[in-house]
*Asks:* 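Can you read through this structure? Questions will come right after.
Each chain gets a letter, A, B and so on, in the order the sequences are listed, and its residues count up from 1.
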Protein chains: 2
Amino acid sequence: MAQYIFCKMNISPLTLYPAIAHDTRLRCLLLLLEHDELCVCELTYALGAAQPTISRHLALLREAELVSDRREGLWIHYRIHPELPAWATNVLHETAQGVSGMSPFAEDLAAMKNMPNRPGAPRCA
Amino acid sequence: MAQYIFCKMNISPLTLYPAIAHDTRLRCLLLLLEHDELCVCELTYALGAAQPTISRHLALLREAELVSDRREGLWIHYRIHPELPAWATNVLHETAQGVSGMSPFAEDLAAMKNMPNRPGAPRCA
DNA sequence: GCAGAATATATACTGAGCCATATATTACGT
DNA sequence: ACGTAATATATGGCTCAGTATATATTCTGC
């Protein structure tokens, strides 16, 4: 029979909210909302955190299925999980709007734009 | 001069999300979204938790300014804070929609409707 | 109208478990 | 070998539930 190709996953708020209750993880997700794909070193640069710290938090987000990853040579690119249900992505967009211009989220976006030697393709100039 | 009477407060996602990252607190808030005012004993009944537990979580929500309280005799009625910014209430509504019919949230709503001897006025029959 | 009981809610204290950070090390890909 | 990323380990801090207790308001009998 007909299948739902784009079947959404079923995520609980008690998966989503503990994940985005942490500074580092929320900042990563909000960056991923703007630049649809980012690698670990870009997130490390933008947030000014240690690489193992970012890596560990990304692992948590991956286990919660909030992000998906894709390896390309040395780099591992993360993105918001494409099958995240609508209510969850709406929550993220509401959040992005709620914090627009606020610290440290605005600075993160600026830092990402100003990053020298962005790896991979020049996705966003 | 003209004043903004309904000036919204300025809440950070790092206040909101840790607060709703806990089962008990999220369940309380989602109940408050449906019944705009509830007292401690009603929430205690609906969630089937111990009274000090509910009270302590409500205190956290109050300190985070996610709820406001109003005393009426013996009862203290809680409601979603009326000045919560739009993005935050939108997040709550998105969540309510995302979990509609799911456990334990659906059961909480049912339990509240079936509670015998609801205190205060018969607000919702 | 006051003393004491009853009810509704809040707080203090404890111990257990979980989570974050830092550091060091390992694995993977060129 | 070098750059990128993940994992291992140890330590410190935070959060939670449970218990006991405190406070506030109302009710009752006198």
*Asks:* Contact class for A:I76 vs. all strands (heavy atom < 4.0 Å): base, sugar-phosphate, or nothing?
*Replies:*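 Here A:I76 touches the backbone only, sparing every base.
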*Asks:* Closest approach of A:L26 and B:P13, non-hydrogen atoms and distance?
*Replies:*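 Closest heavy-atom pair between A:L26 and B:P13: CD2-CB, 3.6 Å.
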*Asks:* Could you tell me which non-hydrogen atom of B:S103 sits nearest to which non-hydrogen atom of B:E107, and how far apart they are?
*Replies:*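 Nearest heavy atoms, B:S103 then B:E107: OG-OE2, 3.2 Å.
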*Asks:* Could you grab the distance from atom NZ of A:K113 to atom CG of A:D108, nearest 0.5 Å is fine?
*Replies:*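 So the gap between those two atoms works out to 12.0 Å.
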*Asks:* Please say yes or no: joined through hydrophobic side-chain contacts below 4.5 Å, possibly via intermediate residues, are B:L60 and B:L14 part of one cluster?
*Replies:*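 No, B:L60 does not connect to B:L14 through the hydrophobic network.
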*Asks:* If we ignore hydrogens and angles and just use 3.5 Å, is the side chain of A:T44 paired with the main-chain N or O of A:V40 as donor and acceptor?
*Replies:*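 Yes, because the side chain of A:T44 sits within donor-acceptor range (under 3.5 Å) of the backbone of A:V40.
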*Asks:* Output yes when at least one side-chain N/O atom of A:Y45 is less than 4.0 Å from OP1 or OP2 of D:dT4, else no.
*Replies:*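 For D:dT4, neither OP1 nor OP2 has a side-chain N or O of A:Y45 closer than 4.0 Å.
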*Asks:* Any donor and acceptor pair, going by atom type alone, linking the side chain of B:R71 with main-chain N or O of B:I76 inside 3.5 Å?
*Replies:*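 It does not hold such a pair.
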*Asks:* Starting from the first five and the last five pairs of the helix from C:dG1-D:dC30 to C:dT30-D:dA1, work out the angle between the resulting helix axes, to 10 degrees.
*Replies:*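 It comes to 30° between the two terminal axes.
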*Asks:* Do you know the tightest heavy-atom contact between A:E65 and A:M9?
*Replies:*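 Residues A:E65 and A:M9, closest heavy atoms: O-SD, 3.8 Å.
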*Asks:* Could you check how far CG of B:L14 sits from C1' of D:dC14, rounded to whole Å?
*Replies:*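 Distance, rounded to whole Å: 16 Å.
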*Asks:* Could you give the CD1-to-P distance, from B:I54 to D:dC16, as a whole number of Å?
*Replies:*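 The distance from CD1 of B:I54 to P of D:dC16 comes to 13 Å, rounded to the nearest Å.
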*Asks:* D:dC16, D:dT26, D:dA6: which one has an atom nearest the side-chain heavy atoms of B:L60?
*Replies:*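 It is D:dC16.
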*Asks:* Give the first and the last nucleotide of DNA chain C, reading 5' to 3', that has any atom under 4.0 Å from a heavy atom of chain A.
*Replies:*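 Going 5' to 3' along DNA chain C, contacts run C:dA20 to C:dT30.
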*Asks:* Could you go through B:L92 and B:L84, starting from their C-alpha distance and side-chain angles, then the distance that decides it, and tell me whether this counts as side chain to side chain contact (heavy atoms under 4.5 Å, CB included)?
*Replies:* CA-CA 11 Å; B:L92 292 177; B:L84 209 57; 4.3 Å; yes
*Asks:* Whole angstrom is fine here: how far is it from CG in A:L58 over to P in D:dA6?
*Replies:*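 The answer, rounded to whole Å, is 7 Å.
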*Asks:* Take B:I11 and B:L66 through the test side chain to side chain contact (heavy atoms under 4.5 Å, CB included) and record every step on the way to the result.
*Replies:* CA-CA 9 Å; B:I11 184 187; B:L66 298 182; 3.2 Å; yes
*Asks:* I'd like a table of atom pairs between the protein and nucleotides 17-22 of chain D - only N or O on both sides, under 3.5 Å - with the distance next to each one.
*Replies:*
{"residue": "D:dA17", "atom": "OP2", "partner": "B:H57", "partner atom": "NE2", "Å": "2.7"}
{"residue": "D:dA17", "atom": "N7", "partner": "B:R56", "partner atom": "NH1", "Å": "3.4"}
{"residue": "D:dA17", "atom": "N7", "partner": "B:R56", "partner atom": "NH2", "Å": "3.2"}

*Asks:* Do we see a donor-acceptor contact under 3.5 Å between the side chains of B:Y78 and B:R70?
*Replies:*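 Side chains of B:Y78 and B:R70: no pair found under 3.5 Å.
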*Asks:* Using only atom types and a distance under 3.5 Å, with no angle test, would you say the side chain of B:H35 pairs donor to acceptor with the backbone of B:E37?
*Replies:*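 Absent.
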*Asks:* Can you tell me the distance, in whole Å, between the NE2 atom of A:H77 and the C1' atom of D:dT4?
*Replies:*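 Nearest whole value for this atom pair: 11 Å.
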*Asks:* Nearest-Å distance, OH (A:Y78) to P (D:dA5)?
*Replies:*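 In whole Å, D:dA5 P and A:Y78 OH are 9 Å from each other.
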